[in-house]
Each structure stands twice: as structure tokens, then as C-alpha cells.
Number of protein chains: 2
Amino acid sequence: MKFSKATNYALHTMLFLAAFPPNKLIGVQQLAERQEVSPTYLSKILTKLVKAGMIESTSGANGGYRLKRNWEEISFLDVIHAIEGSASLFDCEMNHGSECLVQKVMVSAEEKMEDFLKNQKLSEIAKKMTVVL
Amino acid sequence: MKFSKATNYALHTMLFLAAFPPNKLIGVQQLAERQEVSPTYLSKILTKLVKAGMIESTSGANGGYRLKRNWEEISFLDVIHAIEGSASLFDCEMNHGSECLVQKVMVSAEEKMEDFLKNQKLSEIAKKMTVVL
DNA sequence: TCAATTATGGACTTTATGTGCCCATAATAA
DNA sequence: TTATTATGGGCACATAAAGTCCATAATTGA
Ligand code: SF4
Ligand code: SF4
């Protein structure tokens, strides 16, 4: 029960892009160096963010990634869900009726965390960070 | 990023014990059957609960497990921590100063969930459950 | 048009963790 | 003493995370 490193990389990349000249492209090489992660691995993560509609990519020389227009509204939760998926943290195979209290408690707990993360916008946090990374 | 099955087993065992004649011992065999899990595996989990001071065990014929006296105060969070440990869900190896905002946000989010789980007492939930398991 | 650069995607290996089993040992009751 | 039950170490298996490699596509610039 831990957040994956991939989520960490994704969050940091998004925050870095938020504090980067907008519309300017930056390649996976430089993003990877900054986080001390292999470019090939980070590449997979970035592709997920692209598919989630948070960033856009451009191939070819001088290509790279940049935030999409709606980025100011993206929350921590959005990034986490893009990487880890949106399935419940507590998945019980059995199905003892819809009034199962255990699941209810666990799902409610998870929602408490998600409600908070939903309100943590990347733009707000990036603004407050003095040094990025 | 999922709660382990072990946590699921632990929670269900505790809830079952809460709705069981107090001071009466029940063996791992019967507990395991009820949850459709191997006794040997459940045994390890129960030992963790013993070490966490939530239940007590008795060896020998007619031995088994039962709740300890203080059990009414035990929360979901206590059980989860006993099984999964209490380390932060978001552990960043790097240490970019104590004012790291990313960690702050993630830890705060986790605390939201924990605050909720801390207030879910086993005794309360067990009382509300019509049928146990 | 050609070569260099960059992202994408598939397949793979490695590593870590969770899940589960087996057996030896200790403790207790009959 | 024997049967029963928990404990603990070690091992095996399954699953997922983390990371690598390479082929392909898209774009730029010469
Ligand atoms: S009671 Fe709920 S959580 Fe427990 S096994 Fe049944 S469905 Fe799953
Ligand atoms: S900024 Fe915080 S979360 Fe990010 S790498 Fe540094 S210590 Fe870790």
C-alpha cells in the first residue's frame, strides 16, 4: 500500500512544466535528468499523461512536451488517477450485498483523501513552490 | 496502490471476534474457513494482531484467539496499521528540505483518510452489521 | 530527399512485495 | 504422554512495479 514511484515522477514533471515557459517544448531527456530517472521509463509515464489529456507531445527534432491549455484546473488527484488508475483501493472480490459496511467505511475513507487531493490544483502548488523540484 | 488482502482478512477477523461471545476462544481453523483463506496464512496475520496487542492467543487444546479487554476502542486505522505498517504512503527518497510542498500535500491527504478511519471503531461498525461476514 | 532527432509502443528482464505452504518447535489441556 | 493449538523460519509461487531494449512513426533541418 504505497504510491508508486511513477506517481511521484508524474507529479514532479507536471509541477516542473507548470513553472516552465508555457508553449515551450521540453524533451524527456531533460525531464529525466532533473528527476534522476531513466528517460525510457519516464517516457512511458509521460505517454500516460498525454493520453489523459494533461500534456501534449510533438515528435521530431526540437520536439517534446508541454502542458495543455486547461492545465490550470488539473489537480493532484487527476495526475494520480492518470497513473494509478481509478479503481477503489479496497477491492473485495466477494459481494455480500450492497449494504456491506466494511466496504462502505473503506470507500468513504478513500473519498476523504480524494476530496482533499481534488482541491490541490497544480497551479496553486506550483505558485507556492519557491524552487521547483 | 491497494490495500492488501491481509488487511481485509484482519478487519474481518476483528469484526467477527467483536460479534463473538467474549472471552470464548476460537481457533484459526474456523476463522480461516469462514473467510475462505488458508489457515497457515491467516495465522501469520493473527500473530501480527497479537503483537499489536489487539487480541490474545492461547496455545494447546481448545486454544485459540479472543479480543483483549480494550478492544472497544480499537479503530479501523489501528488494524490497518498493525498489518500494513505506519509508514507514509508517499515516501520520497530525496530530501529537499522540510518545506517540501509535494510531500506536505500528500501527507495531508493521507491524514484526511486516517482521521476518518481513526473514528471508525470496530465496536460501532460491528454493532451496525446485521450479519457478520 | 536524406539524416538527425524525438515520441510511441511492444516485448522483455529484473526487482520487490504479497500470498501461501511446509515443517519444526513451544505451549497447553485432557 | 498424547493430542491440539499457536509461533516462527524458510521456501515457493504469483503479481505488480520498475526499468531496459528495440523497432517504428513523425518532424525538423540540411
Ligand atoms: S462483508 Fe463486504 S468487505 Fe467483507 S467480504 Fe463481504 S463484501 Fe467483502
Ligand atoms: S520536492 Fe519533495 S517530494 Fe519532490 S523530490 Fe524533493 S523531497 Fe521529494
Side-chain angles (χ1 to χ4, degrees), chain A residues 1-13 17 24-33 35-68 80 82-85 87 89-94, chain B residues 1-13 17 24-33 35-68 80 82-85 87 89-94:
Chain A
M1 175 73 167
K2 280 223 173 303
F3 287 102
S4 65
K5 290 190 180 185
T7 294
N8 188 324
Y9 296 145
L11 284 172
H12 282 80
T13 300
L17 290 177
K24 205 153 171 296
L25 292 167
I26 180 169
V28 70
Q29 305 289 344
Q30 301 159 69
L31 288 170
E33 278 172 22
Q35 302 189 49
E36 300 179 28
V37 57
S38 85
T40 50
Y41 186 43
L42 185 59
S43 170
K44 310 273 180 185
I45 296 165
L46 293 177
T47 300
K48 279 190 179 180
L49 296 177
V50 170
K51 292 201 169 161
M54 297 177 181
I55 59 178
E56 56 190 0
S57 65
T58 309
S59 285
N62 300 322
Y65 301 89
R66 70 181 159 199
L67 294 170
K68 294 197 72 169
I80 293 169
I83 304 299
E84 310 236 359
L89 297 185
F90 185 84
D91 62 339
C92 180
E93 277 82 39
M94 328 220 182
Chain B
M1 176 71 168
K2 282 224 173 299
F3 286 102
S4 66
K5 290 190 180 184
T7 293
N8 188 325
Y9 297 144
L11 284 172
H12 282 80
T13 300
L17 290 177
K24 204 154 173 293
L25 293 168
I26 180 169
V28 69
Q29 305 289 344
Q30 302 160 68
L31 288 169
E33 278 172 21
Q35 302 187 48
E36 300 179 27
V37 58
S38 84
T40 49
Y41 186 42
L42 185 59
S43 170
K44 310 270 181 185
I45 296 165
L46 293 177
T47 299
K48 279 190 179 182
L49 296 177
V50 170
K51 293 201 169 162
M54 296 177 181
I55 60 178
E56 56 190 0
S57 64
T58 309
S59 285
N62 300 321
Y65 302 88
R66 70 181 159 199
L67 294 171
K68 294 198 74 169
I80 293 170
I83 304 300
E84 309 235 0
L89 297 185
F90 185 83
D91 62 338
C92 181
E93 277 83 38
M94 327 219 183

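In what follows, chains carry the letters A, B, and so on, assigned in the order in which the sequence lines appear, proteins first and then strands, with residues in each chain numbered from 1.
- Considering only residues two or more places apart in sequence or on other chains, Lys2(A) meets the side chain to side chain contact (heavy atoms under 4.5 Å, CB included) condition with Ala87(B), Asp91(B).
- Residues meeting the side-chain hydrogen bond (donor to acceptor under 3.5 Å, both in side chains) test with Ser38(A), sequence neighbours left out: Thr40(A).
- Taking every heavy atom of residues 55-63 of chain B and every atom of DNA chain C, pairs under 4.0 Å involve Ser59(B), Gly60(B), Ala61(B), Asn62(B), by number.
- For Ala61(A), there are no side chain to side chain contact (heavy atoms under 4.5 Å, CB included) partners at least two apart in sequence or on another chain.
- Whole-Å rounding puts the Glu33(B) CD to dT5(D) C1' distance at 15 Å.
- When DNA chain C is scanned in the 5' to 3' direction for atoms under 4.0 Å from non-hydrogen atoms of chain A, the outermost contacting nucleotides are dT5(C) to dA11(C).
- Residue pairs meeting the salt bridge (charged side-chain N to carboxylate O under 4.0 Å, His left out) criterion with at least one partner in residues 35-46 of chain B, sequence neighbours excluded, are absent.
- The side chain to side chain contact (heavy atoms under 4.5 Å, CB included) check on Val37(A) picks up Tyr9(A), Ala32(A), Gln35(A), Tyr41(A), Leu42(A), with sequence neighbours excluded.
- Summarising the geometry, the separation between CD1 on Ile26(B) and C1' on dT4(D) is reported as 16 Å, rounded to the nearest angstrom.
- Counting any heavy atom pair closer than 4.0 Å across all strands shown, Phe3(B) reaches no nucleic acid atom.
- Partners of Thr7(B) according to the side-chain hydrogen bond (donor to acceptor under 3.5 Å, both in side chains) rule, which considers only residues two or more places apart in sequence or in another chain, are Ser4(B), Glu84(B).
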What N/O pairs connect the protein and nucleotides 8-17 of chain D at under 3.5 Å? Give each pair on its own line.
from, atom 1, to, atom 2, distance (Å)
dG9(D), N7, Lys44(B), NZ, 3.2
dG9(D), O6, Lys44(B), NZ, 2.6
dG10(D), O6, Lys44(B), NZ, 3.4

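- In this structure, the side chains of Ile55(B) and Leu17(B) come closer than 4.5 Å at one or more pairs of heavy atoms.
- A heavy-atom distance below 4.5 Å is not found between the side chains of Thr13(A) and Tyr65(A).
- If you measure from atom CG of Leu49(B) to atom C1' of dT7(D), you get 14 Å, rounded to the nearest angstrom.
- Under the salt bridge (charged side-chain N to carboxylate O under 4.0 Å, His left out) criterion, the residue pairs touching residues 51-66 of chain A are Glu56(A)-Arg66(A), Glu56(A)-Arg69(A), with sequence neighbours excluded.
- Inter-residue side-chain proximity for Ile83(A) and Phe3(A) is flagged as unmet; no heavy-atom pair is nearer than 4.5 Å.
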